[in-house]
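Step one of this worksheet: look at the structure below.
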Amino acid sequence: MAGLQLNNIYKRYGNGAIIVNDFNLKIKDKEFIVLVGPSGCGKSTTLRMIAGLEDITDGELWIGDRLVNDIAPKDRDIAMVFQSYALYPHMTVYENMAFGLKLRNFKPAEIDLRVREAAQILDISHLLERKPKALSGGQRQRVALGRAIVREPQVFLMDEPLSNLDAKLRVQMRAEISKLHKRLQTTIIYVTHDQIEAMTMGDRIVVMKDGIVQQADTPDNIYTYPHNIFVAGFIGSPAMNFISGVVTNQTGKVTFRANGIDLVMPDGKARALIEKGLVNSEVILGIRPEHILDDADYIRANPGSVIYTQIDVKENLGAEVYLYLTGVGTEPVVARINPRQGLEEGSSISLAIDTDKVHLFDKDSQRAILGPEHYGLSK
């Protein structure tokens with residue numbers, strides 16, 4: 001197995017369009033990396049450059065200790081799993097899994113051993129004599145994975161492999177691929193537009209937008225300490241709320257003020273805002289739906305965190321409720337709280353914003369103003 005290093009990678013087309021812009025990433029051996037972002041952000045193009053299916057315009061790609069820019073795909077010792085499965089319809093499962101090894105002139109006994117071992121790992125031994133048309137979507141995906149496993153490559157590349165499956169099967173296959181990674185102890189680079197897949201599967205997540213890496217970090221750090229508004233809004237469901245307002249400092253209290261909101265900042269955040277010269281400046285406040293609290297004790301103890309608002313829409317999900325609120329900021333704000341009586345559309349409600357968990361972003365650059373040291377501090 002091997003790690004990878006992508007140094008200043010660019011992909012440009014003849015019309016001048018830059019699809020991948022100065023991509024830099026070091027991937028450790030046995031790491032599970034997820035590239036995530038909206039359609040057209042360059043994540044699949046990056047994967048195809050690693051595979052050798054797209055030429056690299058500028059930069060260096062290393063797999064292990066080999067510079068592979070000019071090495072053919074078949075000689076890079078990688079295996080790719082596609083969104084479409086790409087199985088041969090006229091071949092059995094066994095023949096599909098064995099085909100690549102036959103092309104490489106493996107001995108029949110070695111082919112048989114590898115195919116049957118992979119089939120056992122993926123629980124498809126009973127399907128080896130079937131053809132793809134007789135398989136479900138999940139079974140076809142397992143065959144596609146098996147075809148990659150038998151090659152025993154240095155690196156697995158997976159391009160949205162679960163997007164054709166239904167929601168329940170996607171959840172199951174996410175767990176299966178995570179278990180497979182732990183069992184095989186190999187390097188996996190996985191592309192998806194689904195931030196839930198990214199959060200649940202990756203050792204690290206690389207968030208991309210317009211061909212540029214916005215942040216590369218662990219799922220926890222991406223979620224808790226987003227570097228900018230794009231990352232903050234893309235990761236998390238429902239998405240983070242954003243409210244434009246002004247930082248003020250009156251009577252010794254640093255506050256964030258906006259339409260229907262007047263939040264007293266905790267000491268750590270207050271000091272940082274003063275030191276950065278942001279008093280009387282416009283900023284954007286971000287707060288995740290689960291950090292808007294329906295807790296009477298917290299509301300009583302923290303009057304500087306309370307918002308008075310109205311329920312516009314209520315979505316009941318059983319174990320939790322999403323409330324779409326008006327009267328706070330200029331856009332609807334979403335709160336995720338526990339179900340209780342009295343949560344009716346059109347009714348007024350008092351809630352509290354956990355100011356230890358608020359994020360503040362520069363209005364112009366949209367980058368985070370505060371660092372990790374400014375979160376979770378007591379008032």
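Atom set for the values below is all heavy atoms of this structure, side chains included, hydrogens, waters and symmetry mates excluded. These numbers were taken from a predicted model, which means no experiment stands behind them.
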Main-chain N/O of [Y] paired to [X] side chain as donor or acceptor, under 3.5 Å:
X      : Y      : value
Asn24  : Asp22  : yes
Asn96  : Met91  : yes
Arg147 : Ala86  : yes
Asn69  : Gly59  : yes
Arg76  : Val68  : yes
Gln310 : Thr326 : no
Glu31  : Thr187 : no
Gln215 : His227 : yes

Which is it for Thr45 and Glu54 under the side-chain hydrogen bond (donor to acceptor under 3.5 Å, both in side chains) test, yes or no, and what are the steps along the way? CA-CA 7 Å; Thr45 301; Glu54 291 272 2; 5.4 Å; no
Between the side chains of [Y] and [X], is the shortest nitrogen-to-carboxylate-oxygen separation below 4.0 Å, so that they form an ion pair?
X      : Y      : result
Lys179 : Glu176 : yes
Arg336 : Glu290 : yes
Asp159 : Arg48  : no

Should [X] and [Y] count as side-chain neighbours, where that means a heavy-atom distance under 4.5 Å?
X      : Y      : answer
Ile149 : Leu180 : yes
Ile337 : Leu343 : yes
Pro238 : Tyr324 : no
Leu101 : Glu110 : no
Gln250 : Arg257 : yes
Phe234 : Val36  : yes
Leu35  : Ile189 : yes
Asn21  : Asp210 : no

Passing candidate, side chain to side chain contact (heavy atoms under 4.5 Å, CB included) with Met158, options Thr192, Val34, Ile177, Val191: Ile177
Given the options Val358, Ile307, Asn259, Val328, Ile243 meets side chain to side chain contact (heavy atoms under 4.5 Å, CB included) only with Val328
On the 0 to 90° scale, with breaks at 30° and 60°, tag the Tyr88-His90 ring pair as parallel, tilted or perpendicular. perpendicular
Answer yes or no: are there more than 12 heavy-atom neighbours, outside [X] itself, under 6.0 Å from its atom [atom1]?
X      : atom1 : answer
Asp75  : CG    : yes
Glu315 : CD    : yes
Asp55  : CG    : no

Would you name the heavy atoms of [X] and [Y] that are closest together and state the gap between them?
X      : Y      : answer
Ser237 : Gln195 : CB-NE2, 3.3 Å
Pro89  : Pro132 : O-CD, 3.8 Å
His359 : Lys357 : CD2-O, 3.4 Å
Ala79  : Pro153 : CB-CG, 3.6 Å

Would you check, one step at a time, whether the test side chain to side chain contact (heavy atoms under 4.5 Å, CB included) holds for His181 with Asp203? CA-CA 11 Å; His181 174 243; Asp203 296 324; 3.7 Å; yes
Please step through side chain to side chain contact (heavy atoms under 4.5 Å, CB included) for the pair Ile349 and Thr309, ending with a clear verdict. CA-CA 6 Å; Ile349 187 172; Thr309 181; 3.6 Å; yes
Can you list the steps and then say if Ile27 with Leu6 is a side chain to side chain contact (heavy atoms under 4.5 Å, CB included)? CA-CA 8 Å; Ile27 301 170; Leu6 293 89; 4.2 Å; yes
Ring-face cation contact, Phe106 with Arg104, 6.0 Å cut, 45° max: no
Could you go through Thr46 and Ile9, starting from their C-alpha distance and side-chain angles, then the distance that decides it, and tell me whether this counts as side chain to side chain contact (heavy atoms under 4.5 Å, CB included)? CA-CA 9 Å; Thr46 301; Ile9 298 291; 6.0 Å; no
